[in-house]
Amino acid sequence: MKIHAAVARAPHMPFSLESLDLEEPREGEILVRVVATGVCHTDIVMRDQHLPVPQPVVLGHEGAGIVERVGLGVSKVAPGDHVVMTFNSCGHCPSCNDHEETYCHEFFPRNFFGSRADGSSGLSYRGERVNGNIFGQSSFASHALCHERNIVKVPDDADLALLGPLACGIQTGAGAVMNALKVEPGKVLAVFGMGSVGLAAVMAARVVGASRIIAVDVNVARLALAAELGATDIVDGKTGDAVAAIMALTGAGVDYAIDASGVPAVIDQCVRVLAPRGTCGIVGASPHGATLTLDLTHILSGGRRVRGIVEGDSNPDVLIPLLIDLHRQGRFPFDRLVTFYDFADINQAVEDAQRGIVLKPVVRQPAA
């Protein structure tokens, strides 16, 4: 079938809007008519080849839409169901067997290699292979092929245009608080980096009852928004020493810290503000090969911990519906992070995100 898609053909170059051929769903695959897709920093990283994703490629990994057809053996969803497409996993490695799919042993092949598990791609342009299956979906397109393992059924009356970011960025921030760190009521949390991931963590911390939520950034407008969304304290890292400011606020330090920046110097600050037995969770993507030097006495003497967190340690079938329900209750207003663009304006959406003009751009397909 013919679809419309945004194709990345060269690093640092705009997406090319093209008409592609998409195969019919194979066994276990699901054809989704895409309603809207969030634009994530990871899409830009893949386009610009900071991760070795083969080009030409259709990116997009925060898709939401309506099931049109299903392949043989699919029972999780049926045509007409409203769905969100999230990260993919293999289903049979030790991590998947332990229901820890975010640490699937095949996470990179299933999400970044631009092909199905057998090496094929369902996309082509005039007979030329176009790489697809990014995060098991490649949803910068009018239609996408996904899989039972990375599709989540959502209520029919939920606003599909809004839901795509729950698949990755929002899920990562909220899940870091709720699943990975398991922040308890009355505890103190510092979040470094007030992009969409960090702000999702702030909102989730308010939901779980953290007594003090410290937001750290260098952007005054984002800090102001963090205060509106639940931060009890804000720290402007541009005007002073963030570590000193947090220690002055807390005395002993924080129980939990989350880095959503991926900047090694900022991660070091996260670790330095930990109270004894505190945990730092790293969710921001650092450049390939980046390293971190830490004060080992500080970590050892206080029983402090540092851990990486992928996709918020989430079970998307549980967390995404929960976040939708919390949004309906007015307790998780992630819509305040979203700016909508027409799909034809995807390059403007990417540019605005890179310039920091918007937090979470979402590109909407034309109405069916």
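Scope of the values below: all heavy atoms of this structure, side chains included, with no hydrogens, waters or symmetry mates.
Side chains of Asn347 and Glu351: a donor-acceptor N/O pair is absent below 3.5 angstrom, by distance only.
Few gaps surround NZ on Lys76; more than 12 heavy atoms of other groups in view lie less than 6.0 Å from it. By the neighbour-count criterion of 12 heavy atoms within 6.0 Å, atom CE of Met1 is densely surrounded, having more than that number from other residues, nucleotides or ligands.
With contacts defined as side-chain heavy-atom distances shorter than 4.5 Å, the pair Val273/Gln269 does not qualify. The side-chain heavy atoms of Phe87 and Val310, taken from C-beta on, include no pair separated by under 4.5 Å. Using a 4.5 Å heavy-atom cutoff, the side chains of Arg33 and Gln365 are not in contact. Inter-residue side-chain proximity for Ser124 and Glu23 is flagged as unmet; no heavy-atom pair is nearer than 4.5 Å. Counting heavy atoms from C-beta on, the side chains of Val306 and Ile282 come closer than 4.5 Å.
Among residue pairs with one or both ends in residues 89-103, those qualifying as side-chain hydrogen bond (donor to acceptor under 3.5 Å, both in side chains) are Ser89-Arg149, Tyr103-Arg307, Tyr103-Asp313; sequence neighbours excluded.
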Arg304 and Asp295: CA distance, side-chain angles, deciding distance, salt bridge (charged side-chain N to carboxylate O under 4.0 Å, His left out) verdict = CA-CA 11 Å; Arg304 298 172 177 90; Asp295 182 338; over 6 Å; no
message = Test salt bridge (charged side-chain N to carboxylate O under 4.0 Å, His left out) on Lys2 and Asp21; report intermediate values, then the result.
response = CA-CA 5 Å; Lys2 291 288 185 183; Asp21 290 305; 3.1 Å; yes
task = Tell me, with the steps shown, if Leu326 and Met203 meet side-chain contact (heavy atoms from CB on, under 4.5 Å).
result = CA-CA 10 Å; Leu326 289 170; Met203 290 186 285; over 6 Å; no
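Residues satisfying the ring-ring contact (aromatic ring centres under 6.0 Å, His included) criterion with Phe108, sequence neighbours excluded, are Phe112. Qualifying ring-ring contact (aromatic ring centres under 6.0 Å, His included) partners for His327, counting only residues two or more places apart in sequence or in other chains: Phe334.
Each of Asp233, Asp255, Thr250, Thr232 was scored for a side chain to side chain donor-acceptor pair (under 3.5 Å) with Arg212, with one residue passing: Asp233. In summary, of the residues considered (Leu123, Leu17, Leu20, Val57), a side chain to side chain contact (heavy atoms under 4.5 Å, CB included) with Val7 occurs for Leu20 alone.
The hydrophobic clustering, which links ILVMFWY residues whose side-chain heavy atoms are closer than 4.5 Å, places Phe140 and Phe113 together. By the rule that hydrophobic residues join a cluster once side-chain heavy atoms approach within less than 4.5 Å of another member, Val216 and Val177 end up as members of separate clusters.
A distance of 10.5 Å separates CG of Leu294 from CZ of Arg272, quoted to the nearest 0.5 Å.
Judged by distance alone, with hydrogens and angles left aside, the side-chain atoms of Asn133 form no donor-acceptor pair with the main-chain N or O of Gly114 at under 3.5 Å.
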